[in-house]
Structures are given as structure tokens and as C-alpha cells.
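Since the structure comes first, as C-alpha cells, the remarks are kept for the end.
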Amino acid sequence: MTVPMKSSLVLKKLRSGENVSCFKVNLADARVVEMAALAGFDCIWLDQEHIGHDWSILTAQVWAAKSQNKDTLVRVPRGSYSDYVKPLELDASGIMVPHVMNVADAEKVVAMTRFHPQGMRAIDGGNADGAYTAADFKQYLKDANRQRFIILQIEDPEALEEVEAIAQVDGFDMLFFGPGDFSQAIGAPGDMDHPKIQEARKRVAAAAAKYGKFAGTTGGPKQLGMLHDLGYQFVSVGADVVGLTQYCTQLLAEVKDAKEAQNRPDYYNPSQKQ
């Protein structure tokens with residue numbers, strides 16, 4: 001008996017020219033991942049660069065997305081090859097490496113995350129992505145290269161100057177423009193309408209399209225039309241912490257308004273005591 005690797009929904013849609021919706025989850029509870037997957041998002045973004053979840057939490061979150069046949073993207077910390085391949089071995093659908101700065105950096109990522117002939121990723125095969133050795137070994141290696149995506153994040157002016165050369169590196173799937181850190185790097189933190197950010201966004205998408213890579217970024221629903229027109233098929237449109245914070249803030253404001261209305265004298269009601 002051999003067990004095939006689960007195919008990637010993200011890659012299936014991207015390769016057919018469709019757009020992909022992504023939702024970022026910061027909270028540890030796997031039920032949040034399941035809710036986002038149930039809502040219909042194609043991909044759930046999990047984060048290890050800025051969030052200190054342990055591997056058991058990540059494992060449960062990957063399971064939650066898989067239960068609904070949705071993909072998970074794990075943004076890894078900058079580190080060793082083990083930091084990069086462990087999410088893949090947990091059967092995450094892809095990883096994103098932050099702050100890729102140049103061609104040598106991109107080539108090193110590919111070498112650590114792809115099996116022969118694309119790279120020299122360390123082989124185990126006894127984890128979830130290899131069906132705990134139930135997968136055919138040689139087919140497992142091929143499927144891991146074909147059905148798992150590697151994303152390089154472009155979020156620095158230095159990387160932007162080399163973006164076309166980076167895009168030509170074989171073995172990865174997507175360039176992801178990070179406007180937040182890029183805004184800080186150009187001295188305009190949070191100014192997402194800055195001309196340099198607009199230009200960088202265009203250059204990353206153009207380089208990806210020119211050299212056969214996909215383009216990804218972040219943006220709200222109102223920006224989707226513009227981003228899709230630029231060539232961004234993969235867009236992360238929201239996050240759990242944003243939604244929960246907005247809901248709590250709105251709910252508390254409504255409670256305050258209700259209390260004020262209750263205590264406000266009704267001058268048109270003679271029966272109300274003044």
C-alpha cells in the first residue's frame with residue numbers, strides 16, 4: 001500500500017490562472033484555522049517569524065486546515081535548514097522565507113528546501129508529508145518538489161534592486177512583496193500609498209511574471225482589483241487578530257452608546273421623571 005501526497009489547492013488554482021484567497025492566523029487555537037477554512041479561504045497563513053508557537057501548536061493547525069482540504073502557508077524564521085523543512089514535514093503546503101536579500105540567498109533557500117535534482121534538502125520521509133513511510137519513496141520526492149510551494153519574501157530596497165535576478169533562480173514558486181517592512185526600510189513606516197511602495201509593488205509583480213513565478217502580497221478587499229490587475233494572484237486579505245480587535249472595539253462602542261441612551265432624559269415623554 002502506498003499513500004499519495006495531498007495535492008496543493010493553492011498551486012492547482014495558481015497554475016490554472018485563478019486567484020487565491022489567504023487569511024493570516026496569529027492565535028494558537030487550531031479552531032481559528034478551522035473556522036477560516038470553513039469560511040472558504042484557500043490558504044491559511046501561519047507564522048513562526050513573529051509568533052512563538054511550538055511545534056505541537058503548528059501540527060494541530062496544519063491538521064485543522066487539512067480537515068477542510070485547505071492549504072497552509074508557514075512563514076518560517078530566518079535560520080537553519082531544519083527551520084525551513086520541519087513545517088513541510090508536518091505537511092504544511094508551503095513555506096515563506098522572509099527578507100530574502102539577493103540571488104545567493106535565494107539559491108540557498110532552494111538548496112535547503114527542494115529534493116534532487118532541484119536542491120539538496122535533507123531526507124527523512126517518516127513524517128506526515130511522507131505519510132509516515134507509507135508513501136512511495138521516489139514518488140514522495142517528486143511530489144514534494146511539485147506539490148509544495150516555496151515563497152521568497154521581497155521586503156527590502158536591496159532585494160528590490162536584484163528582484164529580476166532573484167526571480168530567475170530555479171526551484172521556488174512565488175515572490176511575495178511585503179509592504180510593511182518595506183515602508184519602514186524607506187523611512188515611511190505604515191505609509192502604504194508612498195510612491196516607492198507603489199513602484200516596488202509593480203516591480204515585484206513584473207519580475208515574477210517575466211520569469212515564470214507567481215506574485216503574492218497583502219491587501220484589503222478594496223485593493224484586490226488593483227492587485228489582480230498588477231498580476232498578484234495570491235493575496236492575504238485579513239487576519240484573526242484584526243477581526244477580533246475590531247469586533248471588540250465596535251461591540252464596546254455599541255454598549256457605551258446603549259448606556260448613554262438609557263441614561264439620557266426623554267424630554268418628549270412626560271411620564272419619565274426629570
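Residue numbers run from 1 in the order of the sequence given.
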TODO: Please answer whether the main-chain N or O of Ala135 pairs with a side-chain N or O of Thr2 as donor and acceptor at a distance below 3.5 Å.
DONE: no

CD (Gln233) and CZ (Arg15) are apart, to the nearest 0.5 Å, by 11.5 Å

For the residue pair Val25 and Gln61, establish whether any side-chain heavy-atom pair is separated by less than 4.5 Å. yes

Original post:
Heavy-atom count around Tyr81 OH within 6.0 Å, excluding the residue itself: above 12?
Top reply: no

Applying a strict under-4.5 Å side-chain criterion to I, L, V, M, F, W and Y, I'd like to know whether Phe23 and Met35 cluster together. yes

Sorted by chain and residue number, the side-chain hydrogen bond (donor to acceptor under 3.5 Å, both in side chains) partners of Arg31 (sequence neighbours excluded) come out as Asp29

Test ring-ring contact (aromatic ring centres under 6.0 Å, His included) applied to Tyr232 and Phe177, step by step = CA-CA 10 Å; Tyr232 285 97; Phe177 176 59; 7.3 Å; no

Minimal heavy-atom distance between Ala92 and Val62, with the atoms involved, is N-CG1, 4.0 Å

For this session: Report yes if some heavy atom in the side chain of Asp136 is under 4.5 Å from a heavy atom in the side chain of Tyr140; otherwise report no.
Result: no

- Task: Report yes if the side chains of Val110 and Asp170 come closer than 4.5 Å at any heavy-atom pair, otherwise no.
- Result: no

Using the side chain to side chain contact (heavy atoms under 4.5 Å, CB included) rule, take Asn127 and Leu88 through it: C-alpha gap first, then chi angles, then the decisive distance, then the call. CA-CA 9 Å; Asn127 296 297; Leu88 296 173; over 6 Å; no

- Item | Side chains of Gln168 and Glu164, donor plus acceptor under 3.5 Å | no

Note: Val169 and Ala106 closest approach over all heavy atoms is CG2-CB, 4.1 Å

Say whether Val204 and Leu224 are linked into one hydrophobic cluster, either directly or through other cluster members, by side-chain heavy-atom distances under 4.5 angstrom.
yes

Salt bridge or not for Arg203 and Glu161, using N-O below 4.0 Å?
yes

Under a side-chain separation threshold of 4.5 Å, the hydrophobic residues clustered together with Leu11 are Val10, Leu14, Val20, Trp45, Leu73, Met96, Phe149, Ile151, Met174, Phe176, Phe214, Phe234

Tightest non-hydrogen contact, residues Ile166 and Ala159, listed as CD1-O, 3.9 Å

So the side-chain hydrogen bond (donor to acceptor under 3.5 Å, both in side chains) pairs with at least one residue in residues 49-58 (sequence neighbours excluded) are Glu49-Arg75, Asp54-Ser56

Exercise. Can you get from Met5 to Leu90 by hopping between Ile, Leu, Val, Met, Phe, Trp and Tyr side chains that sit under 4.5 Å apart?
Worked result: no

The reported gap from OG in Ser7 to CZ in Arg146 (rounded to nearest 0.5 angstrom) is 11.0 Å

| If we only count heavy atoms from C-beta on, is the Ile186 to Ile197 side-chain gap below 4.5 Å? | yes

> Is the count of non-hydrogen atoms from other residues, nucleotides or ligands lying under 6.0 Å from Arg78 atom CZ greater than 12?
Replying inline: yes

* Close side-chain approach of His194 to Ser183, heavy-atom, < 4.5 Å -> no

Distance col, row Asp191:CG vs Gln184:CD, nearest 0.5 angstrom, shows 13.5 Å

Rounding to 0.5 Å, atoms CG (Asp124) and OG1 (Thr133) come to a distance of 9.5 Å

Taken to the nearest 0.5 Å, the spacing of Leu227 CG from Thr218 OG1 works out to 8.0 Å

For Gly40 and Ser21, the nearest pair of non-hydrogen atoms, with its separation, is O-OG, 4.2 Å

Does any N or O in the side chain of Glu162 come within less than 3.5 Å of the main-chain N or O of Asn102, such that one atom is a donor and the other an acceptor? no

Gly231 and Ala215 have their tightest heavy-atom pair at O-CB, 3.8 Å

Check: Taking the side chain from Asp83 and the backbone from Ser80, do they hold a donor-acceptor pair closer than 3.5 Å?
Finding: yes

Exercise. Verify the neighbour count for atom NZ of Lys6: are there more than 12 heavy atoms of other residues, nucleotides or ligands below 6.0 Å?
Key: yes

Discussion item. Using the rule given for side chain to side chain donor-acceptor pair (under 3.5 Å), can you reason through Gln246 versus Gln250, listing the C-alpha separation, both sets of side-chain angles and the distance that settles it, and then say yes or no?
Written reply: CA-CA 6 Å; Gln246 290 178 349; Gln250 178 184 342; over 6 Å; no

Contacts of Lys66 meeting side-chain hydrogen bond (donor to acceptor under 3.5 Å, both in side chains) (sequence neighbours excluded), chain-then-number -> Asp91

Tell me if a side-chain donor or acceptor on Ser67 pairs with a main-chain N or O of Ala64 at a distance below 3.5 Å.
yes

Task: Side chains of Leu230 and Arg201 in contact at under 4.5 Å (non-hydrogen atoms) - done: yes

Asp181 meets the side-chain hydrogen bond (donor to acceptor under 3.5 Å, both in side chains) criterion, sequence neighbours left out, with His99

Check your understanding: For the side chain of Lys213 and the backbone of Ala167, is there at least one donor-acceptor N/O pair under 3.5 Å apart?
Key -> yes

Is it true that Gln139 and Asp143 share a donor-acceptor pair across their side chains at a distance under 3.5 Å? yes

ask   = Does Met120 share a hydrophobic cluster with Met112, counting links as ILVMFWY side-chain heavy atoms below 4.5 Å and allowing steps through other members?
value = no

Are the side chains of Phe172 and Thr113 in touch, meaning some heavy atoms are under 4.5 Å apart?
no

Separation between NE2 (His116) and CD1 (Ile123), nearest 0.5 Å, reads 9.5 Å

Under a side-chain separation threshold of 4.5 Å, the hydrophobic residues clustered together with Tyr247 are Leu251

Between Val74 and Leu9, is there shared hydrophobic-cluster membership here, with clusters defined by ILVMFWY side-chain heavy atoms closer than 4.5 Å? no

Q) Counting only N and O atoms by type, is there a donor-acceptor contact under 3.5 Å from the side chain of Glu155 to the main-chain atoms of Pro98? A) no

Item to check | Any side-chain heavy-atom pair of Val235 and Cys22 under 4.5 Å | outcome: no

Closest non-hydrogen atoms of Thr217 and Pro179, given as atom of the first, atom of the second and distance, are OG1-CD, 3.9 Å

Test side chain to side chain donor-acceptor pair (under 3.5 Å), reference Lys13, set Asp71, Asn19, Asp42, output is Asp42

ask   = Can a salt bridge be assigned to the pair Asp173 and Arg114 using a cut-off of 4.0 Å between side-chain N and carboxylate O?
value = yes

- Task: List the steps and the verdict of side chain to side chain contact (heavy atoms under 4.5 Å, CB included) for Val237 and Phe41.
- Result: CA-CA 10 Å; Val237 295; Phe41 284 98; 3.6 Å; yes

